[in-house]
S.K.: 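Mind looking over this structure? Questions follow.
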Amino acid sequence: MKNLTDSFVSAGHWPSAGSFEFNTDILATNPINLSVVLGVLIFFGKGVLNDLLDKRKQRILSTIRNSEELRRGAIEQLERARVRLRKVEIEADEYRTNGYSEIEREKVNLINATCNSLERLENYKNETLFFEKQRAINQVRQQVLQQALQRALGTLNSCLNSELHFRTISANIGILGSVE
């Protein structure tokens, strides 16, 4: 036994710090101690390792669950966004269609208003031409009448003598007297 103890204590037996060697001496390496230490580590470490692995597993599962919930939430948001997009596209189509319809209505209204304005202007033009024609006809009538009266007066004045003139005045006075 002394030999065994001396082998641990003696400095000459230990390899130098600068080199690496395999120790083939079974008693010096103490495989029983190593197996006991490894057994203790495995026995007690198994629980610690299992706890660590269980905790890691729980974190991973929790992360997966959270990811799944987030994915479901994202899918729901995506669906809501798609529905909203469809609604907006439908509204945009309606606005576009209504806008085109409104433009067509405005165009037709403008064309109708322009046609009505042109028709009114044509009527005003025709009325103005008619009134101008009537005025011109009336002026010509008045001038013809004045000329006819002047010729008649001239003819009467040249044909009338004093006696005929006196009789005409007397007849007219008689007519006026009977009227009163």
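The shown structure was predicted, so the numbers you read here are calculated from the model rather than taken from an experiment. Count residues from 1 along the sequence.
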S.K.: Any Lys/Arg nitrogen of Asp93 or Arg96 sitting under 4.0 Å from an Asp/Glu carboxylate oxygen of the other?
M.R.: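 Judged by the 4.0 Å cut-off on N to carboxylate O distance, Asp93 and Arg96 do form a salt bridge.
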S.K.: Any side-chain heavy atom of Arg105 sitting closer than 4.5 Å to one from Val108?
M.R.: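 Not touching, per the 4.5 Å side-chain cut-off.
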S.K.: Using the side-chain contact (heavy atoms from CB on, under 4.5 Å) criterion, which residues pair with Leu53? Sequence neighbours excluded.
M.R.: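 Only Leu49 meet the side-chain contact (heavy atoms from CB on, under 4.5 Å) criterion with Leu53.
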S.K.: Enter the distance from Thr63:OG1 to Arg65:CZ here, rounded to the nearest 0.5 Å.
M.R.: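 So the gap between those two atoms works out to 9.0 Å.
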S.K.: Using side-chain contact (heavy atoms from CB on, under 4.5 Å), reason through Ile111 and Lys107 one step at a time and then give a plain yes or no.
M.R.: CA-CA 6 Å; Ile111 289 171; Lys107 184 174 122 181; 4.1 Å; yes
S.K.: Can you tell me how far apart OG1 (Thr128) and CZ (Phe131) are? Round to the nearest 0.5 Å.
M.R.: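 If we round to the nearest 0.5 Å, Thr128:OG1 and Phe131:CZ are 8.0 Å apart.
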S.K.: Any donor and acceptor pair, going by atom type alone, linking the side chain of Ser62 with main-chain N or O of Gln58 inside 3.5 Å?
M.R.: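 No: the side chain of Ser62 does not pair with the backbone of Gln58.
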S.K.: Nearest 0.5 Å please: distance from the CD atom of Gln139 over to the CD atom of Gln143.
M.R.: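 Those atoms lie 6.5 Å apart.
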S.K.: To the nearest 0.5 Å, what is the distance between CZ (Arg141) and CD (Gln134)?
M.R.: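 Output value for this atom pair is 7.0 Å.
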S.K.: Atom CZ in Arg151, atom CG in Leu153: separation rounded to 0.5 Å?
M.R.: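 Arg151 CZ to Leu153 CG: 13.0 Å, rounded to 0.5 Å.
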S.K.: Is Arg71 salt-bridged to Glu68, cutoff N-O under 4.0 Å?
M.R.: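 Salt bridge flag = yes for Glu68 with Arg71.
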S.K.: Find out whether Arg72 and Glu69 are in side-chain contact, i.e. whether some heavy atom of one side chain is under 4.5 Å from a heavy atom of the other.
M.R.: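 Arg72 vs Glu69: side chains touch.
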S.K.: Set out, in order, the CA-CA distance, both residues' side-chain angles and the distance that settles side-chain contact (heavy atoms from CB on, under 4.5 Å) for Leu145 and Gln142, then state yes or no.
M.R.: CA-CA 5 Å; Leu145 185 61; Gln142 285 178 354; 5.6 Å; no
S.K.: For the atom pair CG (Asn112) and CD (Glu119), what is the distance rounded to the nearest 0.5 Å?
M.R.: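 Between Asn112 CG and Glu119 CD, I get 11.0 Å after rounding to 0.5 Å.
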S.K.: Taking 4.0 angstrom as the limit, do Lys125 and Glu122 come out as a salt bridge?
M.R.: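 A salt bridge links Lys125 with Glu122.
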